[in-house]
Engineer: 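Let me begin by handing over the structure; questions about it come next.
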Amino acid sequence: MLKIKRVYDDISQQDGKRVLVDGVWPRGIKKENLEHDEWMKDIAPSTDLRKWFNHDADKWDEFKKRYKKELKDHKEDLKQLKEDSDGHNVTLLFAAKDEEHNQAVVIKEFIEDM
């Protein structure tokens, strides 16, 4: 099962494999203190797209459209996440405050539609 969670939330045994999907390291967390299994920064939104979006919910639909285009270039990584989550928990970790409008939501949706 594929899930999403903020990096600042408590760790749970139900998290399974924990994969950070941010392009930049989360603020206030030392690398050695974040319990994660993998950092897939290559599948994060491009710097230009991230800066353009700037977590503006009014741009959400356009962000999703543009980001899904970018994700098409990372199908192998996404396919691996899909396989890893088949019968096992995989949690996509993100740092954004907005839990409904962030790249992990789009990645999860993209993988589920594969």
Engineer: Mind checking who shares a hydrophobic cluster with Val24, ILVMFWY linked at side-chain heavy-atom distances under 4.5 Å?
Structural biologist: none

Engineer: What donor-acceptor contacts under 3.5 angstrom involve side-chain atoms of residues 25-32, with partners at least two apart or in another chain?
Structural biologist:
residue : atom : partner : partner atom : Å
Trp25   : NE1  : Ile29   : O            : 2.7

Engineer: Which pair of non-hydrogen atoms, one from Asp37 and one from Gly16, has the smallest distance, and what is that distance?
Structural biologist: OD2-O, 3.9 Å

Engineer: Between Lys79 and Ile111, does the side-chain contact (heavy atoms from CB on, under 4.5 Å) criterion hold? Intermediate values first, please.
Structural biologist: CA-CA 7 Å; Lys79 182 179 171 188; Ile111 290 172; over 6 Å; no

Engineer: Could you tell me which residues satisfy salt bridge (Lys or Arg N to Asp or Glu O under 4.0 Å) with Lys3, sequence neighbours excluded, listed by chain and number?
Structural biologist: none

Engineer: Can you confirm whether Glu38 sits close enough to Lys17 that some side-chain heavy atom of one is under 4.5 Å from a side-chain heavy atom of the other?
Structural biologist: yes

Engineer: Using a 4.5 Å cut-off on heavy atoms from C-beta on, say whether the side chain of Ile4 contacts that of Thr91.
Structural biologist: no

Engineer: How close do His36 and Leu34 get, heavy atom to heavy atom, and via which atoms?
Structural biologist: ND1-O, 2.9 Å

Engineer: What residues form a side-chain hydrogen bond (donor to acceptor under 3.5 Å, both in side chains) with Glu35, not counting sequence neighbours?
Structural biologist: none

Engineer: Residues in salt bridge (Lys or Arg N to Asp or Glu O under 4.0 Å) with Glu83, at least two apart?
Structural biologist: none

Engineer: Quick one: are Leu78 and Met114 in side-chain contact, heavy atoms under 4.5 Å?
Structural biologist: yes

Engineer: Look at the side-chain heavy atoms of Ile, Leu, Val, Met, Phe, Trp and Tyr, link any pair under 4.5 Å apart, and say whether Trp52 and Val106 land in one connected group.
Structural biologist: yes

Engineer: Quick check on Asp113: does its CG atom have over 12 non-hydrogen neighbours (other residues, nucleotides or ligands) under 6.0 Å away?
Structural biologist: yes

Engineer: Could you list the residues that satisfy side-chain hydrogen bond (donor to acceptor under 3.5 Å, both in side chains) with Lys59, not counting sequence neighbours?
Structural biologist: none

Engineer: Give the intermediate values and the outcome of salt bridge (charged side-chain N to carboxylate O under 4.0 Å, His left out) for residues Lys82 and Glu112.
Structural biologist: CA-CA 8 Å; Lys82 183 177 179 82; Glu112 289 173 344; over 6 Å; no

Engineer: To the nearest 0.5 angstrom, please state how far the CD atom of Glu109 sits from the CG atom of Leu71.
Structural biologist: 10.5 Å

Engineer: Is it the case that atom CG in Asn33 sees more than 12 heavy atoms from other parts of the structure closer than 6.0 Å?
Structural biologist: yes

Engineer: If we only count heavy atoms from C-beta on, is the Asn89 to Asp15 side-chain gap below 4.5 Å?
Structural biologist: no

Engineer: Identify, with sequence neighbours excluded, every residue that meets side-chain contact (heavy atoms from CB on, under 4.5 Å) alongside Lys41.
Structural biologist: Trp39

Engineer: Let me have the donor-acceptor pairs involving side chains of residues 92-104, under 3.5 Å, with sequence neighbours excluded, atom names and distances please.
Structural biologist:
residue : atom : partner : partner atom : Å
Asp98   : OD1  : Glu100  : N            : 2.9
Asp98   : OD1  : His101  : N            : 3.1
Asp98   : OD1  : His101  : ND1          : 3.2
Asp98   : OD2  : His101  : ND1          : 2.8
Asn102  : OD1  : Ala104  : N            : 2.9
Asn102  : OD1  : Val105  : N            : 3.3
Asn102  : ND2  : Asp98   : O            : 2.9
Asn102  : ND2  : Glu99   : O            : 3.4
Gln103  : NE2  : Val21   : O            : 3.4
Gln103  : NE2  : Asp22   : OD1          : 2.1

Engineer: Look at the side-chain heavy atoms of Ile, Leu, Val, Met, Phe, Trp and Tyr, link any pair under 4.5 Å apart, and say whether Leu20 and Val90 land in one connected group.
Structural biologist: no

Engineer: Hey, could you give me each pair passing side-chain hydrogen bond (donor to acceptor under 3.5 Å, both in side chains) that has a residue in residues 69-78? Not counting sequence neighbours.
Structural biologist: Ser46-Glu70

Engineer: Applying ring pair (Phe, Tyr, Trp, His ring centres under 6.0 Å), name anything that partners Tyr67, two or more places apart in sequence or on another chain.
Structural biologist: Phe63

Engineer: With the side chain counted from C-beta on, respond yes when Lys65 and Asp61 share a heavy-atom pair under 4.5 Å apart, and no when they do not.
Structural biologist: no

Engineer: Can you list the steps and then say if Arg18 with Val7 is a side-chain contact (heavy atoms from CB on, under 4.5 Å)?
Structural biologist: CA-CA 9 Å; Arg18 294 169 49 91; Val7 295; 5.8 Å; no

Engineer: Could you list who else is in Met1's hydrophobic cluster, with ILVMFWY side chains joined at under 4.5 Å, directly or through other members?
Structural biologist: none

Engineer: Not counting sequence neighbours, which residues clear ring pair (Phe, Tyr, Trp, His ring centres under 6.0 Å) with His55? List them please.
Structural biologist: Phe53

